[in-house]
Protein chains: 2
Amino acid sequence: MQATLSALAEPNRLQIVELLRRKPRGVGEIVDRLGLRQPQVSKHLRVLSDAGLVEVHPVAQQRIYSLRAQPLKELDAWLEPYRRTWDDRFDRLDGVLRDLKGKDKDKDKDKDKDKDKRDGHGT
Amino acid sequence: MQATLSALAEPNRLQIVELLRRKPRGVGEIVDRLGLRQPQVSKHLRVLSDAGLVEVHPVAQQRIYSLRAQPLKELDAWLEPYRRTWDDRFDRLDGVLRDLKGKDKDKDKDKDKDKDKRDGHGT
DNA sequence: CAGGAATATGCCTGTCAAGGCATATTCTGG
DNA sequence: CCAGAATATGCCTTGACAGGCATATTCCTG
């Protein structure tokens, strides 16, 4: 996840990924389309490859790079819990604010703290 | 999109976001939970804020930060075209490879290549 | 108004990553 | 084996950025 995000955070890399979304392509074609230098594209592809975002298939002296679905699926899965809150959770801010304003000394115990304890974030 | 990805690419920032997914929190609480130094947390929150990922609500001297849905929704939307290809498109690699092997001077039949003259970096 | 809590900012430093460039590497055909 | 195409690597330089720390700022309370 972290790896996926880091890899996609680079603009050129993101473009490469978007380019590969259509179909697999050789390095030269990517160089051509994005107007980048060949070595740099190779390096970006390396990073993407290390992140598992692309895979390569040699054809003669060419290397055809194609997208791998898994990392993006994981990103999709990561978004899942957020999707769930988009509807009702976000506007509970008011409640929290009100709660904070009406706080007193007894809150030192943090009664709502232990309920946060059980999270289970997997990334 | 780019901004969102860059912001989330930083591990601590990602953790902050995941922390805020549960509910809005003040800076101090984040500092406490993640074991980071306060100034650094403030800086990360600043970045997240600039990226539109969080918003702040002052309550006395406290600043309550909460998640904003939009950027994540956009990320979700960005994934949409990929979701579509996860089923059938990715294994068309064989076809492309076969195609490349059997071609001599026949370039790709894509026609959107004339607009790749752009040098800028785009979004 | 003073004191103090909660945050934000400024400055400095070390690290790391991206671009540029030359060159190595791999593969094909003759 | 040689030449050449397609791609990868190594080295160097520079800029962005995260962390550390001191300090400024804001706001509440007595």
Side-chain angles (χ1 to χ4, degrees), chain A residues 2-3 5-17 19-20 24-51 54-66 96-97 100-105 107-108 110, chain B residues 2-3 5-17 20 24-51 54-66 96-97 100-105 107-108 119-122:
Chain A
Q2 193 63 62
L5 288 172
S6 301
L8 295 179
E10 217 284 331
N12 292 321
R13 235 132 52 197
L14 184 60
Q15 276 196 271
I16 290 178
V17 166
L19 209 48
L20 292 182
R25 299 176 197 270
V27 178
E29 190 177 350
I30 299 176
V31 168
D32 222 44
R33 301 220 173 215
L34 299 189
L36 304 175
R37 315 258 173 169
Q38 178 266 315
Q40 212 54 34
V41 169
S42 280
K43 286 172 188 173
H44 281 314
L45 285 168
R46 177 92 144 113
V47 174
L48 289 173
S49 179
D50 286 348
V54 303
E55 58 186 1
V56 56
H57 290 261
V59 172
Q61 320 93 315
Q62 266 192 67
R63 306 281 173 113
I64 308 300
Y65 284 86
S66 51
V96 175
L97 290 181
L100 281 167
K101 274 182 163 149
K103 71 165 178 192
D104 49 296
K105 268 332 188 177
K107 276 206 47 178
D108 268 55
D110 264 359
Chain B
Q2 194 63 63
L5 289 172
S6 302
L8 295 179
E10 216 283 331
N12 291 322
R13 236 130 53 197
L14 185 60
Q15 276 196 272
I16 291 178
V17 166
L20 292 182
R25 299 176 197 269
V27 179
E29 190 178 350
I30 300 176
V31 167
D32 221 43
R33 299 216 175 221
L34 299 189
L36 303 175
R37 314 259 172 169
Q38 178 267 315
Q40 211 54 33
V41 169
S42 279
K43 286 172 188 173
H44 282 314
L45 285 169
R46 177 91 144 116
V47 174
L48 290 173
S49 178
D50 287 347
V54 302
E55 59 186 3
V56 56
H57 291 260
V59 173
Q61 322 92 316
Q62 267 191 69
R63 307 282 172 113
I64 308 300
Y65 284 86
S66 51
V96 175
L97 291 181
L100 281 167
K101 272 180 164 153
K103 70 121 181 239
D104 41 291
K105 218 47 187 117
K107 278 304 196 161
D108 54 305
D119 183 352
H121 27 270

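Any value given below was found using the heavy atoms of this structure, including those in side chains, with hydrogens, waters and symmetry copies removed. This structure is a prediction, so every number in the text was calculated from the model and none was measured. To find a chain, count down the sequence lines: A is the first, B the second, and so on, and within it residues start at 1.
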Distance check needed: [N] [atom2] versus [X] [atom1], whole Å only.
{"X": "Leu5(B)", "N": "dC17(D)", "atom1": "CG", "atom2": "P", "result": "15 Å"}
{"X": "Asp50(B)", "N": "dA16(D)", "atom1": "CG", "atom2": "P", "result": "16 Å"}
{"X": "Leu34(A)", "N": "dA18(C)", "atom1": "CG", "atom2": "C1'", "result": "15 Å"}
{"X": "Glu10(B)", "N": "dC16(C)", "atom1": "CD", "atom2": "P", "result": "13 Å"}
{"X": "His57(B)", "N": "dT7(C)", "atom1": "NE2", "atom2": "P", "result": "15 Å"}
{"X": "Ile30(A)", "N": "dA6(D)", "atom1": "CD1", "atom2": "C1'", "result": "13 Å"}
{"X": "Asp32(B)", "N": "dA5(C)", "atom1": "CG", "atom2": "C1'", "result": "15 Å"}
{"X": "Gln15(A)", "N": "dA18(C)", "atom1": "CD", "atom2": "C1'", "result": "15 Å"}

Take Val27(B) and Gln62(B) through the test side-chain contact (heavy atoms from CB on, under 4.5 Å) and record every step on the way to the result.
CA-CA 7 Å; Val27(B) 179; Gln62(B) 267 191 69; over 6 Å; no

Taking all non-hydrogen atoms of both residues, which atom of [X] and which atom of [Y] are closest, and how far apart?
{"X": "Ala3(A)", "Y": "Ala51(A)", "answer": "O-CB, 4.0 Å"}
{"X": "Leu20(B)", "Y": "Arg25(B)", "answer": "CD2-N, 3.7 Å"}
{"X": "Gln2(B)", "Y": "Leu14(A)", "answer": "OE1-CD2, 3.4 Å"}

How would you list, by chain and number, every residue that makes a salt bridge (Lys or Arg N to Asp or Glu O under 4.0 Å) with Arg46(B), sequence neighbours excluded?
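For Arg46(B) the salt bridge (Lys or Arg N to Asp or Glu O under 4.0 Å) partners, ignoring immediate neighbours, are Asp50(B).
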
Go through the structure and list residues passing side chain to side chain donor-acceptor pair (under 3.5 Å) with Arg13(B), not counting sequence neighbours.
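If we apply the side chain to side chain donor-acceptor pair (under 3.5 Å) test to Arg13(B), skipping adjacent residues, the hits are His44(B).
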
Residues that Gln38(B) engages under side chain to side chain donor-acceptor pair (under 3.5 Å), provided they are two or more places apart:
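Gln38(B): side chain to side chain donor-acceptor pair (under 3.5 Å) contacts with Ser42(B).
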
Hey, is the side chain of Arg37(B) poking within less than 4.0 Å of OP1 or OP2 on dG20(D), counting only N and O atoms?
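For dG20(D), OP1 or OP2 has a side-chain N or O of Arg37(B) closer than 4.0 Å.
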
Below the 4.0 Å mark, does dG19(D) have OP1 or OP2 next to a side-chain nitrogen or oxygen of His44(B)?
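For dG19(D), OP1 or OP2 has a side-chain N or O of His44(B) closer than 4.0 Å.
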
Output a table of nitrogen or oxygen pairs between the protein and nucleotides 28-30 of chain D separated by less than 3.5 Å.
none

Go through the structure and list residues passing side chain to side chain contact (heavy atoms under 4.5 Å, CB included) with Leu36(B), not counting sequence neighbours.
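Applying side chain to side chain contact (heavy atoms under 4.5 Å, CB included) to Leu36(B) gives Asn12(B), Leu34(B), Val41(B).
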
Check step by step if side-chain contact (heavy atoms from CB on, under 4.5 Å) holds for Leu45(B) and Ile30(B).
CA-CA 10 Å; Leu45(B) 285 169; Ile30(B) 300 176; 4.2 Å; yes

Under 4.0 Å protein heavy-atom contact, by nucleotide of nucleotides 8-13 of chain C - B base, S sugar-phosphate only:
BBBB--

